[in-house]
Undergrad: 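One structure, pasted below without further comment.
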Amino acid sequence: MKAVVKIRLKSGVLDPQGKATQNALEALGFSGVNGVRQGKIIEIELEGTDAGAAREDVDRMAQALLANSVIESYEIEIDGQ
Amino acid sequence: MKAVVKIRLKSGVLDPQGKATQNALEALGFSGVNGVRQGKIIEIELEGTDAGAAREDVDRMAQALLANSVIESYEIEIDGQ
Amino acid sequence: MKAAVIVFPGSNCDRDAADALTWVTGRPPAMVWHTSNELPNVDLIVIPGGFTHGDYLRVGAMAATAPIMGEVFRAGIRGVPVLGICNGFQILCETRLLPGALMRNASLNFICREVNLKIETTATPFTRSYPDGALVRLPIAHHDGNFFADEETLNRLEGEGRVVFRYVDKAGKRVPAANPNGSRNNIAGIANAAGNVLGLMPHPERAIDPATGGTDGTALFAGLHEALR
Amino acid sequence: MTGSPQITMEMVRQHGLSDDEYGFVTNTLGREPSLTELGIFSVMWSEHCSYKSSKVWLKTLPTAGPQVICGPGENAGIVDIGDGQCAIFKMESHNHPSYIEPYQGAATGVGGIMRDVFTMGARPVANLNALRFGAPEHPKTRHLVAGVVAGIGGYGNCVGIPTVGGEVGFDAAYNGNILVNAMCVGVASTDKIFYAAASGVGNPVVYVGSKTGRDGIHGATMASAEFDDATDEKRPTVQVGDPFTEKLLLEACLELMEEDAIIGIQDMGAAGLTSSSVEMADKGGVGIALDLDKVPQREIGMTAYEMMLSESQERMLMVLRPGREVDAAAIFEKWGLDFAVIGKTTDTGRLVVHHNGDLKADIPLHALGDGAPEYDRPWVEPKLAQALNIDTVPPPDSLLGALETMMGAPDLASRAWIWSQYDRTIGGDTVSPPGGDAAVVRVHGTAKGLAMSVDVTPRYCFADPREGGKQAVAECWRNITATGALPLALTDCLNFGNPERPQIMGQFAAAVTGMGEAARALAFPVVSGNVSLYNETNGEAILPTPSIGGVGLLTDIAMRCDIALKSDGDTLILIGPDGSHLGCSLYLKIIEGRGDGAPPRVDLHGEKIAGDFIRILIGEGAVNAVHDISDGGLLVAVAEMALAGNIGADIRFTNKEIASFIQAFGEDQGRYVVGVPDGGAHKVLAAARAVGVPVRLLGLAGGTELKVTGEMPISLQGLRDAHQTWLPDYMAGAQA
Ligand SMILES: Nc1ncnc2c1ncn2[C@@H]1O[C@H](COP(=O)(O)OP(=O)(O)O)[C@@H](O)[C@H]1O
Ligand SMILES: [Mg+2]
């Protein structure tokens, strides 16, 4: 079973990478880009077939390690059973 | 309009970050983790309302800057009109 | 003073920190491996710089979950002085001994150079030997030194005098041009409320030898040695 | 051999073997090779591993000296630095990978060279790099610079080894083929040096480090028969560096080396498992048997071919003393690294590889190592550039105006944007960081210092490869000398075009000849090195670029010298002849936009005398600033000294026979500018005359301006702005 954790910077947290990417896109001549934010996506291959249990596990992983709640929020998707 | 670009390492490309995260999860006592891969997610706020045009634009951005085609593959989602 | 240096996989300033401590105290610190569940009985804990676990995932995140960090956390709460340098600062934020987080430098580049710093408070065991308002020069060498905390936390840090090191210009002014990494309020180092836990991005341990980078870090170690004698 | 397809001539060609070479393969084996065997021959006989085109010429280089503990042939060269310690160093290219993927290419280049050094028992203490990019205006250049610099820093900073020096050049000849040459210097105890040779029979062959994936497998595999139904999964991939694992590998290897457990050890670099096992067995005169089922694997379904050719990074191969496997495994486990016994030494003299119980390769080792083909390729004498007709070069309106333009040009502009991204001070021993001639790193816990520099002037090498080869060695020697250190030995990285073209082979032969002459005359032997050929795109070769990396010894770092002017009133003196030679100079290139003329000649005798004299002056404390004169000539050297010390200078050109601008910008070799403390000038002048070194009084240090008699002064600030803005501004163009 595969779980996907999407980790984003909370709004209000300055995102240097997103900012630099936006500038670079503008420099390349792309117009109409109002904002860029960069986050992480973590794909986890899990044993087991119980989607509910998997979500709980992954939630604990996110809290314990994958995301830093001071600056980040996260979202979990479980798929492919 | 918001576009989301998901960028992943191509399969077969070494992912030191994913590997280290997997080890750390194991050290924390999470069992049943068979693999971890880490990618990027880039969210772009775009002007305009034409989803088709947006997708084309973002595809060009991905090729020109966002993804490194030598080691990464990407996927585009357009939403929220 | 008895000191311990915590060593993680990927620590790489552990020897430099140990050398600095040995030089000032006359005896080598205990080197404690991250998987240990026990801290020796020490007066000072140093978390050195480096790229623990490659700084993969997020700087300091994986090191913060190491078994030894539970002990360090408890010691820090008990009032044992804890010094986190560079990656050590990042780890202390991740363990929540210190507030905030360290993000990618605004330039996105790794930066290695000397910076001008103002010592904003001498009311910590780490800065007690510096004159009030001292201006010092220390090297920085980091990719993620951009300190972030929300408005409320920042106000608390400033209000409680917990900003210990700040990037300033030669005249001691806090100006944007003196900020190497985009850090909020030009913050280079902060303490916990009790003042016994300090995290800073600059490397005082690289500034104790006139042959290699000045001696402005000397007073930090000497001050600790005196305070913890 | 089980499961191997019939080898076709098409497959042979895709593996880069000539018909003759293939004939040699079938003769050696007495049969057709299996696909795995073909792959093994192909990588072992590649230019990169076999040095088949360059060997004949490399043999002409001097490699001995009382200071040399180990010359070329091992993973790195070793020189004695006294007190039971030695310096271990080498330079290597990662040109092609860096062009394809600049960050990872450069990063893995740094990782590879560090492994070469710590595999011999040394703790790396410094990294350096020599970089060549295309013209700044070429659309790819900026991206390549950014990626390469970030990759070098990203790897070295993470492992925690200071990057202390290097050089960077831009030229359109590198538009389609950049050069990334990485050098690493380490320090070891002389009684704890580890070599690659295996020995004994039945001793365990051990694999440690990262798992094996399909990284960087020989491109030829793409089209080989086995992959006719290749899926995406099977595609060979770019090598990604993992500096964290490298750091663990470094610590684990050094920890194991403290015990008496290792017989031979060899990093897995190019051609991975193949070259490491072949080299260890061949050097030790034993055989080796591998069971690939035991190899730690990152991907499923890897074939023997893939495992033998994989270039996955951060791996090592060792032969252990029998019975020491358990202790060794414990150390690697502690550091979280894979450890596996994958084979044993044998008495057959053959490389025997099994996978899934099937025999996949059985090759006499001699054919892969010493018995590999060797060519004396046809070559032609290089066409030398005509001497410059000086009458065609007009003087500039103002010397200082020309200087300002030159100091802000891509060739001479400050490289601080680059080295500020490298951790230069980690380790607490960097006593002279980048920005001067050679970097100096203290030998930890002692008063000794190692001086290091990387040098070559490709435009000279193109105009006259032999003089250019001499010049590269001489400049490196000179840079080390300018710190007060005694140059001990050098490593090289010889970057050239296609050796099958007689013109290129001629460049190579001449450059190596020149290098050898200089190395002999200066007692600066070659102890390690690397050859990178086929640096061409669409038949256009790069400039011949024999990068020279040198190491010297300072017995007391307190006595070192740097380029910064120290105080107002110090006397500036030129040691060596007046500037007279503008051919191939940066003045011509930058101010006149032309690159013609013969390069300056290197008078090796004069070079030696001047350098030895400089070293004596520094040792006696008679001078407080020394800078060699290289690119840009005398006035550029003085300007660099002024900027470094933030003290101005007032100088004059007093030779009436030579126009001032030629004295100012001539690139004559074997010269230095020294700063002499007040009252000491006489003695220096007299001493120079006594040993027969030309000298000339230039003027005085002081003030905040640079002054040349008869001209409007220029402020140091103005000069500094010109010098420092070009590279950051250029790189910011990526965003602005
Ligand atoms: N890629 C680089 N990495 C680190 N340091 C560099 C690099 N390129 C140049 N430098 C440093 O900048 C200074 C000037 O370089 P260069 O002009 O090539 O010196 P020189 O002419 O004395 O050989 C030297 O100290 C050199 O080590
Ligand atoms: Mg020089």
Side-chain angles (χ1 to χ4, degrees), chain A residues 1-11 15 17-50 53-68 72-75 77-80, chain B residues 1-11 15 17-50 53-68 72-75 77-80:
Chain A
M1 195 164 31
K2 197 165 96 178
V4 178
V5 187
K6 285 189 200 160
I7 299 169
R8 295 186 173 83
L9 288 174
K10 288 180 172 169
S11 64
D15 173 8
Q17 271 140 324
K19 191 87 210 314
T21 303
Q22 179 173 358
N23 291 343
L25 286 174
E26 278 160 16
L28 283 172
F30 290 101
S31 58
V33 177
N34 288 339
V36 177
R37 306 277 289 169
Q38 181 171 324
K40 277 185 280 222
I41 175 163
I42 297 176
E43 301 181 329
I44 308 178
E45 271 307 329
L46 291 166
E47 260 161 36
T49 51
D50 177 344
R55 181 178 294 275
E56 270 175 39
D57 265 8
V58 174
D59 194 64
R60 281 189 292 121
M61 293 177 196
Q63 291 190 27
L65 179 71
L66 304 180
N68 176 348
E72 295 168 332
S73 63
Y74 64 91
E75 207 179 298
E77 284 167 19
I78 307 279
D79 62 33
Chain B
M1 194 162 35
K2 197 165 97 179
V4 178
V5 187
K6 286 189 201 159
I7 299 168
R8 294 185 175 85
L9 286 174
K10 288 181 178 169
S11 68
D15 177 7
Q17 312 232 18
K19 192 181 73 179
T21 303
Q22 179 175 356
N23 291 343
L25 287 173
E26 277 159 18
L28 281 171
F30 290 102
S31 59
V33 176
N34 288 340
V36 176
R37 304 276 292 171
Q38 183 173 323
K40 274 187 287 211
I41 175 163
I42 297 179
E43 301 180 328
I44 309 177
E45 271 306 330
L46 290 166
E47 261 160 38
T49 51
D50 178 345
R55 180 178 295 274
E56 271 174 39
D57 267 9
V58 173
D59 194 63
R60 281 188 292 121
M61 293 178 195
Q63 291 189 27
L65 179 76
L66 306 180
N68 176 351
E72 294 171 331
S73 62
Y74 64 91
E75 207 179 298
E77 285 167 20
I78 307 280
D79 62 32

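Naming: A, B, ... by sequence-line order, numbering from 1 per chain.
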Undergrad: Name the option with the most non-hydrogen atom pairs under 4.5 Å to chain A; the candidates are Gln17(B), Arg37(B), Gln38(B).
TA: Arg37(B)
Undergrad: At a heavy-atom separation under 4.5 Å, does Ile44(B) approach chain A through its side chain, its backbone, both, or neither?
TA: both
Undergrad: Using a 4.5 Å cut-off on heavy atoms from C-beta on, say whether the side chain of Glu47(B) contacts that of Asn34(A).
TA: yes
Undergrad: Restricting to pairs with a member in residues 53-64 of chain B, which pass side chain to side chain donor-acceptor pair (under 3.5 Å), not counting sequence neighbours?
TA: Asp57(B)-Arg60(B), Asp59(B)-Gln63(B), Asp59(B)-Tyr74(B), Gln63(B)-Tyr74(B)
Undergrad: With rounding to the nearest 0.5 angstrom, report the CD1 to CD1 distance, Ile41(B) to Ile42(A).
TA: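 Output value for this atom pair is 11.0 Å.
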Undergrad: Is any side-chain heavy atom of Thr21(A) closer than 4.5 Å to one of Met61(B)?
TA: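 Heavy-atom side-chain distance check fails, nothing below 4.5 Å.
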Undergrad: Could you tell me which portion of Lys6(A) (side chain, backbone, both or neither) has an atom closer than 4.5 angstrom to a non-hydrogen atom of chain B?
TA: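 The answer is the side chain of Lys6(A).
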Undergrad: Measure Leu66(A) against the heavy atoms of chain B and call it side chain, backbone, both or neither at under 4.5 Å.
TA: side chain
